[in-house]
**Q** 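What follows is a structure written as structure tokens; I'll ask about it next.
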Amino acid sequence: MGKGWKTRAIAAAAAIAVIVGVVLIATAGGGHSGGASTKTASTAAHGLGRTGQVAAAAGYLGISRSQLRRDLRSGETLAQVASRTGGHSSAGLIEALYRARAASLIAAGEAEGLSRQQQSQRLARLHERVSREVEGHLVLIGGTSAAGSLNASARYLGTTPRALVRELRAGRTLGQIADATPGRSADGLIESIVAERRARLLAAAAAGRISSAKENEALGTLKGRVTAIVEGTGAEA
């Protein structure tokens with residue numbers, strides 16, 4: 001694959017993600033023992049690591065990482081921070097974070113022998129994931145991220161993501177918040193999040209967006225990963 005195609009693929013995938021709205025399925029989990037290319041793909045698809053993501057976002061916005069962390073911990077989204085930062089926008093931040101990950105994702109795809117169509121599909125999913133991270137809440141509490149589970153938790157608990165951020169910032173886990181909420185429990189919260197994610201996985205597999213092997217792998221580790229997030233012992237995948 002030539003360098004020109006890589007550039008066109010990045011641009012095309014971004015357009016596809018914006019126009020078509022590819023559904024994001026956050027299926028990565030622990031216990032994957034693939035080679036270097038698989039690890040590269042996983043890292044690129046899931047945020048360069050949270051520290052790397054904050055660094056990339058801060059670099060685009062022209063603010064310090066410590067300032068950005070303070071803003072996120074106060075309950076703001078990356079999009080809100082970008083919109084009030086002069087000369088920047090949420091759309092620009094999405095593209096900056098997307099491009100920072102796309103190159104390594106393409107390189108990993110080449111090492112895996114993916115076709116151009118497979119590469120484009122992977123890039124489109126990446127763009128959609130970045131969009132959701134920028135528009136949603138990326139919670140950074142004690143080094144633990146619960147970005148993908150925050151909205152689902154708020155729905156189950158009958159509260160708002162911003163209110164949950166304040167609780168998490170005070171040192172409580174999602175499980176402790178659930179147990180203190182009348183009519184709710186940590187176990188119930190885990191089951192609610194698992195049910196949502198399982199439904200998305202099954203829909204993605206039925207539509208051919210993920211393989212049966214990937215579906216089974218994700219389903220097999222799903223409850224354990226969600227439990228770790230709710231109990232505050234693991235980071236969001």
Side-chain angles (χ1 to χ4, degrees), residues 21-34 38 41-43 45-47 49-50 53 72 75 77 122 125-126 128-237:
V22 178
V23 176
L24 170 68
I25 305 296
T27 59
H32 203 71
S33 57
T38 302
S42 178
T43 300
H46 294 92
R50 296 301 173 187
Q53 177 166 286
L72 294 172
T77 65
R122 178 181 277 185
R125 289 194 296 270
L126 170 63
E128 179 64 14
R129 181 181 182 88
V130 171
S131 297
R132 288 170 64 104
E133 289 174 349
V134 170
E135 298 296 339
H137 287 269
L138 178 65
V139 185
L140 299 172
I141 305 296
T144 297
S145 167
S149 298
L150 196 63
N151 289 334
S153 298
R155 285 192 293 273
Y156 171 77
L157 296 170
T159 185
T160 65
R162 185 177 291 273
L164 280 183
V165 168
R166 288 195 293 270
E167 297 274 9
L168 291 169
R169 189 182 177 197
R172 303 175 76 187
T173 66
L174 288 171
Q176 289 169 336
I177 297 168
D179 283 335
T181 302
R184 296 291 186 261
S185 66
D187 287 343
L189 176 57
I190 290 169
E191 292 304 321
S192 178
I193 297 173
V194 167
E196 283 196 23
R197 294 192 177 188
R198 180 182 291 115
R200 294 204 304 267
L201 282 167
L202 295 176
R209 289 191 296 271
I210 60 173
S211 66
S212 295
K214 187 66 175 177
E215 176 194 14
N216 291 333
E217 177 189 353
L219 288 173
T221 60
L222 178 58
K223 187 167 184 177
R225 289 186 288 117
V226 172
T227 299
I229 293 165
V230 171
E231 294 179 347
T233 60
E236 182 75 90

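Numbers here simply count residues along the sequence, with the first being 1.
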**Q** Where do Leu222 and Arg198 come nearest, in terms of heavy atoms and distance?
**A**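 The answer is CD2-N, 3.8 Å.
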**Q** Does Thr181 use its side chain to pair, donor to acceptor, with the backbone of Arg184 at less than 3.5 Å?
**A**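 No: the side chain of Thr181 does not pair with the backbone of Arg184.
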**Q** Test side chain to side chain contact (heavy atoms under 4.5 Å, CB included) on Thr173 and Val230; report intermediate values, then the result.
**A** CA-CA 6 Å; Thr173 66; Val230 171; over 6 Å; no
**Q** Minimum heavy-atom separation for Ala180 to Arg172, with atom names?
**A**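 Taking Ala180 first and Arg172 second, the nearest heavy atoms are CB-NH2, 3.1 Å.
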**Q** Of the non-hydrogen atoms in Val226 and Ile190, which two are nearest, and what is the gap between them?
**A**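 Residues Val226 and Ile190, closest heavy atoms: CG1-O, 3.9 Å.
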**Q** Kindly indicate whether the side chain of Glu196, heavy atoms from C-beta on, has any atom under 4.5 Å from the side chain of Arg155.
**A** yes
**Q** Quick one: CG on Asp187 to CG on Asp179, what's the gap to the nearest 0.5 Å?
**A**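 Interatomic distance, Asp187 CG to Asp179 CG, rounded to 0.5 Å: 7.5 Å.
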**Q** Answer yes or no: is there a side-chain heavy-atom contact under 4.5 Å between Ile177 and Leu168?
**A** yes
**Q** Grab the two heavy atoms, one from Leu164 and one from Ser153, that are nearest each other, plus how far apart they are.
**A** CD1-CB, 3.7 Å
**Q** Give the minimum heavy-atom separation between Ala152 and Ile193, together with the two atoms involved.
**A**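 Closest heavy-atom pair between Ala152 and Ile193: CB-CG1, 4.1 Å.
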**Q** Which heavy atom of Ser185 sits nearest to which heavy atom of Tyr156, and what is that distance?
**A**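 So the minimum-distance heavy-atom pair works out to N-OH, 3.3 Å.
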**Q** Does Gln176 reach the side chain of Glu231, with side-chain heavy atoms less than 4.5 Å apart?
**A** no
**Q** For the pair Ser192 (side chain) and Gly188 (backbone), establish whether a donor and an acceptor sit closer than 3.5 Å, ignoring hydrogens and angles.
**A**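 Here the side-chain-to-backbone pair does not exist.
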